[in-house]
Amino acid sequence: MSNRNRADPTQQDQNKLIAQRREKLAQWRASGGAFPNDFRRDSLAAELHGRFGERTAQELEETAVPVKVAGRMVGKRVMGKASFAHIQDMSGRIQLFLSRDDLPPERYQQFKGWDVGDIIGAEGHVYKTQTGELSVKISDIRLLTKSLRPLPEKYHGLADLEARYRQRYVDLIVNESARHTFILRSRIIECLRAAFNARGFLEVETPMMQPIPGGAAARPFITHHNALDANLYLRIAPELYLKRLVVGGFEKVYEINRNFRNEGVSTRHNPEFTMLEFYQAYADYHDLMNMTEELLRHLAMEVLGTDQLCYQGEPIDLGTPFARRSVREAILEHNPRLSAAELDDREALCGVARELDIDVRPHWGLGKLQLEIFEKTTEHRLREPTFITEYPRDVSPLARPKDANPLVTERFELIIAGREIANGFSELNDADEQAQRFREQVAEKEAGDEEAMFYDADFIRALEYGLPPTAGEGIGIDRLVMLFTDAPSIRDVLLFPAMRAQAEPE
RNA sequence: GGGCCGUUAGCUCAGCUGGUAGAGCAUCGGACUUUUAAUCCGCUGGUCGUAGGUUCGAACCCUACACGGCCCA
């Protein structure tokens, strides 16, 4: 990134290219009618390709269908008294052919002064060039918006990652793959919404600003409400509100929205990220695993047309049933030197954890140690879709314990390509036990765990009215989109990823 | 927070052992009525991220800082 050309608009344009374009704009203003907004197009590029792409040149010449198109000029080839240009609209690109003698007087001369990047509107008729490219033979053309800044080079596009993230608008103009990623993201969310609606779920919106942040183990952002003179937290999860709604009788609810976690930024973490969270009464975690598997397979077929994904060179098969194994089984499988007996021996696990360079805290219990060891040694090795089940009770304070073994819960996480994609469980609906779990969390918070949960008395009150047996799950949309678009970084699937503020924006 | 790497023209990138900076594309001027990374001819364009230091001399060596990338916590 250049630090030159600072923000003061009266002082800018040290850059010759910008100065030249500003001069062209000044002439346009002087001639009157700059920045008009009375041009109406009647066709998009992709529509033209769809309607006329298969027609022969002769058929098109006979019908001479008149069209009006508009978009950003992304290519310009002037050859004496005739020119080609490509314009790009939200659907794609279409070529324009201009011949001086087909245009009003002076128009061709004006066109020659316009720049790649300018927004133009044109009318003419659909035809095919000698090479068979569907194009519009122009009878008149107008400049609609003057672009003052030159676009990146046409061949390499914009490659600098910092520039692509900070100036996403430029990235979207010049990089087809970026447009594709965000269009696919939109389709994925659209498809998920349709799937939940079809299953009878009700879409809801719950507070983003919460007096007590709950539903996950994470550090929250704090903000302040002036009129109430009260601190509020940006939500780390919608979970406790969604369960209140199930108490209220909305037995199947879902929400697709942002969560905020005050943690580091990395290729997998952004401080704000999108989560699909849903709850279904009279279901348990097995039901949700089955549904998740179905859902992902359906999603892949809908948006990609295949259930065979390729992520960063690695094949991912969503077509065959996902593996399911418990945290215990997974740890033992990937740590052959560990015995089942050692997994239940806190002292032994502490030693193992330290050998793994895990920063063991004195207040950690057996479950926390198991989970840390799982995350360090096992999670990243799970490449094919795998449900990891039976998470320890003490790291799952909102989940229902297993009847057969109350030390673990009816919880799962879905791991694909070494990353957590979803997390779900049978909900803890025993108000007294939930209150006890909150008290344990508060004790851990007091012991220094900043991610431990708060005691939410209103949530307990809601449970006391009676939460039906319910299962709930969160699916990380950004990570799902990464998987589906083969994106190496979460920033590639966020239109405006979190970046450190620039000292002086250009 | 730690380690490694990067920052040079509008964009994509070269730049050797330290000797005051180059290409392609774009721009600008010219030629050209079916091109599509158009072609051909000619000309421009730089406070080498910032600030110090070493040196006769720094894009290059050293230090700090800023921003970014990757990995680890």
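Below, read A as the first sequence line, B as the second, and so on, with proteins coming before strands; counting in each chain starts at 1. The structure displayed is predicted, hence computed values, not measured ones.
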request  = Report the nucleotide, chosen from B/G68, B/G10, B/U34, that has the shortest atom-to-atom distance to any side-chain atom of A/Glu162.
outcome  = B/G68
ask   = What is the pairing partner of B/C61, taking Watson-Crick or G-U wobble pairs with both distances under 3.5 Å in any strand?
value = B/G53
ask   = Between B/A73, B/U33, B/C13, which nucleotide has the shortest distance from any of its atoms to the side chain of A/Ala159?
value = B/C13
message = Counting only Watson-Crick pairs (N1-N3 plus N6-O4 or O6-N4) and G-U wobbles (N1-O2, O6-N3), all under 3.5 Å, who is the partner of B/U27?
response = none
request  = Return the orientation label for the A/Phe97 and A/Tyr127 ring planes: parallel under 30°, perpendicular over 60°, tilted otherwise.
outcome  = tilted
remark   = Of the listed B/C28, B/G69, B/G10, the closest approach to the A/Arg491 side chain comes from B/G69
request  = Ignoring the backbone of A/Leu161, work out which of B/C28, B/G24, B/G69 is nearest its side chain.
outcome  = B/G69
task = Can you figure out which of B/U34, B/A37, B/G10 approaches the side chain of A/Tyr127 most closely?
result = B/U34
query = Would you say B/U35 has OP1 or OP2 under 4.0 Å from some side-chain N or O of A/Arg77?
reply = no
request  = Please determine if a side-chain N or O atom of A/Arg500 lies less than 4.0 Å away from the OP1 or OP2 oxygen of B/C67.
outcome  = yes
ask   = Are any side-chain N or O atoms of A/Asp478 and backbone N or O atoms of A/Thr274, one a donor and one an acceptor, separated by less than 3.5 Å?
value = yes
Which nucleotide in B/U33, B/U12, B/G10 has an atom nearest any side-chain atom of A/Leu158 = B/U12
ask   = When you match A/Lys137 and A/Leu151 each to their closest nucleotide on RNA chain B, which lands nearer the 5' end?
value = A/Leu151
Nucleotide nearest A/Lys154 (side chain, heavy atoms from C-beta), chosen from B/U12, B/C32, B/A26 = B/A26
inquiry  = On the nucleotide B/U34, are OP1 or OP2 found under 4.0 Å from the side-chain N or O atoms that A/Ser99 carries?
reply    = no
inquiry  = Could you tell me the Watson-Crick or G-U partner of B/C70, where both distances fall under 3.5 Å? Say none if there is no partner.
reply    = B/G3
ask   = Are side-chain N/O atoms of A/Thr409 and A/Arg393 paired as donor and acceptor at under 3.5 Å?
value = no
remark   = Out of B/G68, B/U27, B/G24, minimum distance to the side chain of A/Arg166 belongs to B/G68
request  = Kindly say whether A/Ser139 contributes a backbone atom to a donor-acceptor pair with the side chain of A/Asp102 at under 3.5 angstrom?
outcome  = no
Presence of donor-acceptor pair under 3.5 Å, side chain of A/Glu133 and base of B/U34 = no
request  = Report the relative orientation of the aromatic rings in A/Phe454 and A/Tyr233; use parallel for angles under 30°, tilted for 30 to 60°, perpendicular for over 60°.
outcome  = tilted
query = Which listed nucleotide (B/U12, B/U34, B/U44) is nearest to the side chain of A/Phe97?
reply = B/U34
note = The answer to which of A/Pro150 and A/Arg21 contacts RNA chain B further toward the 5' end, by nearest nucleotide, is A/Pro150
message = What's A/Asp101 touching, base or sugar-phosphate or nothing? Going by heavy atoms closer than 4.0 Å.
response = base
Shortest side-chain distance from A/Asp115, nucleotide among B/U27, B/U44, B/U33 = B/U27
